[in-house]
Amino acid sequence: MIRRIILFLLAVLPLAAGAQPHFDYATGEPGSRAYLRLPQGASEVKAVLYCHQNMTEEVLFRSEPFCREMDRLGVAMAFVQRGSQNWDPATDCQSRFKALIADFARGTGHPEIEKAPVIPFGHSAQATFPWNFAAWNPERTLCIISYHGDAPRTNLCGYGRANVEWGRTRNIDKIPGLMIMGEYEWWEARLLPALAFRMMYPDSRISFLCDAGRGHFDLCPETQDYIAKFIEKALQNPRPEGGVYFSRWYEDGHETMDPHEQFWYPDEEMVRLARARYAAVRGKRMQYLSARVNGELLVYDPDKHIKMNATVQGDTFTVEPVFVDETRNAPGGDHAAVRPRVVLISGPAIQTGEYTFRIDPDYFGTDPERLWSGITLCVEADGDAFFKPAVQELNLQVRK
């Protein structure tokens with residue numbers, strides 16, 4: 001029987017930037033717990049954002065603006081450690097989901113959670129599960145968000161293995177689904193299955209956002225806002241009959257009227273938001289970032305998944321962004337006149353100042369078996385009239 005652990009019974013306070021997320025309830029054992037954040041000030045939970053731990057899921061739970069939007073919409077936020085990457089019903093994923101949701105409902109005193117609509121959200125290696133969850137739970141799914149990001153029934157799963165076969169009759173018709181891919185991680189082969197799926201299933205509602213000026217590991221405020229707006233539209237119209245169609249993203253900025261190259265959007269407002277994101281970077285130059293960790297400039301390795309890596313020792317460390325040239329290994333002066341920042345993505349750290357951090361000894365309850373090793377951060381710089389935004393990921397291994 002799953003052991004329940006109540007962490008907080010008070011209303012969730014606003015989250016400080018870089019702090020460990022706060023939750024109202026947790027269930028399970030260390031390393032495989034599931035956590036729930038209730039919508040502050042809401043008497044009823046209208047939906048549950050259901051996240052499996054990979055990386056940027058943590059950014060959402062630390063984001064004060066995003067949490068406030070979920071509060072306003074009445075959406076609870078669930079964070080599941082060691083969740084299924086492919087949502088293969090041959091495993092225990094379905095039974096575990098039902099047990100977790102029932103436990104959340106009992107433990108929080110919100111019985112409506114047990115039947116509330118679910119918004120599956122997953123990043124990268126967890127970006128396939130939202131589509132498959134919906135295919136096996138269409139009546140429970142409010143909308144789908146695959147972030148940096150897979151297409152439904154893709155042959156290029158973020159976790160690098162075969163996808164789950166849906167069979168001939170299973171579909172996600174009329175369920176709003178959003179695929180997001182960063183401009184700096186662009187891969188045509190990952191996009192094309194989404195367009196093919198939309199044409200194969202004309203009643204599908206497959207939407208798309210190019211995360212213009214962004215990479216694979218980051219989750220910027222503008223994209224958080226877009227995700228929140230997509231959820232709001234789904235709450236207003238869970239199974240839309242209509243909608244509008246808009247061109248896929250092209251780097252050169254042109255738009256196509258070919259229906260084979262278009263995606264579905266709930267309405268013109270979402271199209272305007274996507275078009276504005278694209279226009280903000282069009283025709284602008286690249287700028288590049290690196291970082292000094294405890295005073296030492298990191299080395300850029302293009303052959304690694306995370307391109308910059310270092311080891312830190314002790315209880316505190318510093319990460320100072322540095323503008324560099326195109327090689328990313330030497331300082332450069334060709335960049336926007338902006339002050340870069342450091343954003344904590346995931347891992348056992350707390351941001352104590354603009355560029356200062358301390359190790360978090362109680363990361364998810366001193367979890368010794370966390371899914372992703374080390375601390376992942378992004379150094380970021382806004383764009384201006386001449387330059388696109390810049391983002392560079394880095395991973396820090398903690399030496400005890």
Side-chain angles (χ1 to χ4, degrees), residues 49-52 54-60 63 65-66 69-70 85 119-134 141-154 156-159 172 175-195 197-198 204-234 246-251 261-266 269-281 343 345-346 378 380 388-389 391 393:
L49 181 68
Y50 192 74
C51 302
H52 284 179
N54 185 53
M55 297 181 77
T56 60
E57 295 83 358
E58 296 183 34
V59 176
L60 291 181
S63 169
F66 186 83
E69 279 300 289
M70 295 304 100
Q85 293 178 329
I119 307 159
F121 175 102
H123 166 234
S124 188
Q126 287 288 0
T128 300
F129 112 80
W131 302 110
N132 294 344
F133 174 93
T141 305
L142 177 68
C143 62
I144 305 157
I145 302 170
S146 179
Y147 183 70
H148 290 180
D150 291 343
R153 298 189 68 175
T154 184
L156 285 172
C157 297
Y159 49 81
I172 52 173
I175 303 175
L178 175 61
M179 176 183 176
I180 302 175
M181 190 191 315
E183 179 184 359
Y184 304 152
E185 63 165 347
W186 192 264
W187 191 4
E188 277 288 302
R190 199 172 288 281
L191 177 74
L192 296 179
L195 289 165
F197 184 93
R198 197 189 73 71
S204 65
R205 302 289 186 259
I206 308 302
S207 198
F208 181 80
L209 176 71
C210 174
D211 209 359
R214 313 303 300 188
H216 178 71
F217 298 90
D218 52 296
L219 180 45
C220 69
E222 294 84 357
T223 306
Q224 294 175 32
D225 291 345
Y226 193 92
I227 292 169
K229 180 62 71 173
F230 192 84
I231 292 172
E232 181 176 16
K233 299 287 185 181
F246 174 58
S247 171
R248 54 154 293 178
W249 180 83
Y250 286 100
E251 189 174 7
E261 300 286 304
Q262 292 185 323
F263 286 98
W264 173 90
Y265 293 80
E269 181 184 13
M270 297 305 289
V271 171
R272 286 195 300 272
L273 291 172
R275 184 180 273 127
R277 288 290 304 277
Y278 303 166
V281 304
V343 178
I345 304 300
S346 65
C378 281
E380 304 179 4
K388 296 183 179 187
V391 60
E393 79 281 355

Closest heavy-atom contact between [X] and [Y]?
| X | Y | answer |
| --- | --- | --- |
| A194 | A151 | N-CB, 3.3 Å |
| C51 | E57 | CB-CG, 3.9 Å |
| F129 | Y50 | CZ-O, 3.6 Å |
| D150 | R190 | OD1-NH1, 2.7 Å |
| I172 | F197 | CG1-CZ, 3.8 Å |
| L156 | A189 | CD1-O, 3.5 Å |

Say whether, by atom type as modelled, one donor and one acceptor occur between the side chain of [X] and the main chain of [Y] under 3.5 angstrom.
| X | Y | value |
| --- | --- | --- |
| S146 | M179 | no |
| Y278 | C210 | yes |
| S207 | W264 | yes |

Quiz item: Between K233 and E269, is there a side-chain N and carboxylate O pair less than 4.0 Å apart?
Solution: yes
Practice problem: For the pair E69 and K229, find out whether any cationic side-chain nitrogen is under 4.0 Å from an anionic carboxylate oxygen. | Solution: no
Practice problem: Under the side-chain contact (heavy atoms from CB on, under 4.5 Å) rule, collect the residues that match up with E261, sequence neighbours excluded. | Solution: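 With neighbours one apart ignored, the set is L195, R248, Y250, T256, D258.
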Quiz prompt | Qualifying residues under side-chain contact (heavy atoms from CB on, under 4.5 Å), relative to V281, sequence neighbours excluded | solution = E183, A212, K388, P389
[atom1]/[X] to [atom2]/[Y] distance, rounded to the nearest 0.5 angstrom?
| X | Y | atom1 | atom2 | answer |
| --- | --- | --- | --- | --- |
| T56 | D218 | OG1 | CG | 8.5 Å |
| I227 | M70 | CD1 | CE | 9.0 Å |
| M270 | F230 | CE | CZ | 6.5 Å |
| L209 | R214 | CG | CZ | 12.0 Å |
| N54 | S346 | CG | OG | 7.5 Å |
| I231 | I119 | CD1 | CD1 | 4.0 Å |

Exercise. With side chain to side chain contact (heavy atoms under 4.5 Å, CB included) as the test, would you mind laying out the steps for V59 and Q224 before giving the verdict?
Key: CA-CA 9 Å; V59 176; Q224 294 175 32; 3.8 Å; yes
Practice problem: On the 0 to 90° scale, with breaks at 30° and 60°, tag the W186-W249 ring pair as parallel, tilted or perpendicular. | Solution: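 The rings of W186 and W249 sit tilted, inter-plane angle from 30° to 60°.
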Quiz item: Between H123 and H216, how do the two ring planes meet: parallel, tilted or perpendicular, split at 30° and 60°?
Solution: tilted
Quiz prompt | Sequence-distant partners of Y265, ring-ring contact (aromatic ring centres under 6.0 Å, His included), two or more places apart | solution = F246
Practice problem: Apply side chain to side chain contact (heavy atoms under 4.5 Å, CB included) to the pair Q126 and F121, showing each step before the final yes or no. | Solution: CA-CA 8 Å; Q126 287 288 0; F121 175 102; over 6 Å; no
Quiz item: Step by step, would you call D211 with Y147 a side-chain hydrogen bond (donor to acceptor under 3.5 Å, both in side chains)?
Solution: CA-CA 10 Å; D211 209 359; Y147 183 70; 3.3 Å; yes
Quiz item: Just wondering, do L178 and Y226 contact through their side chains at under 4.5 Å, heavy atoms?
Solution: yes
Quiz item: What's the verdict on side chain to side chain contact (heavy atoms under 4.5 Å, CB included) for F217 and E185, showing C-alpha distance, side-chain angles and the deciding distance?
Solution: CA-CA 9 Å; F217 298 90; E185 63 165 347; over 6 Å; no
Exercise. Start with the C-alpha distance between I180 and T223, add both sets of side-chain angles, then the distance that settles side chain to side chain contact (heavy atoms under 4.5 Å, CB included), and finish with yes or no.
Key: CA-CA 9 Å; I180 302 175; T223 306; 4.2 Å; yes
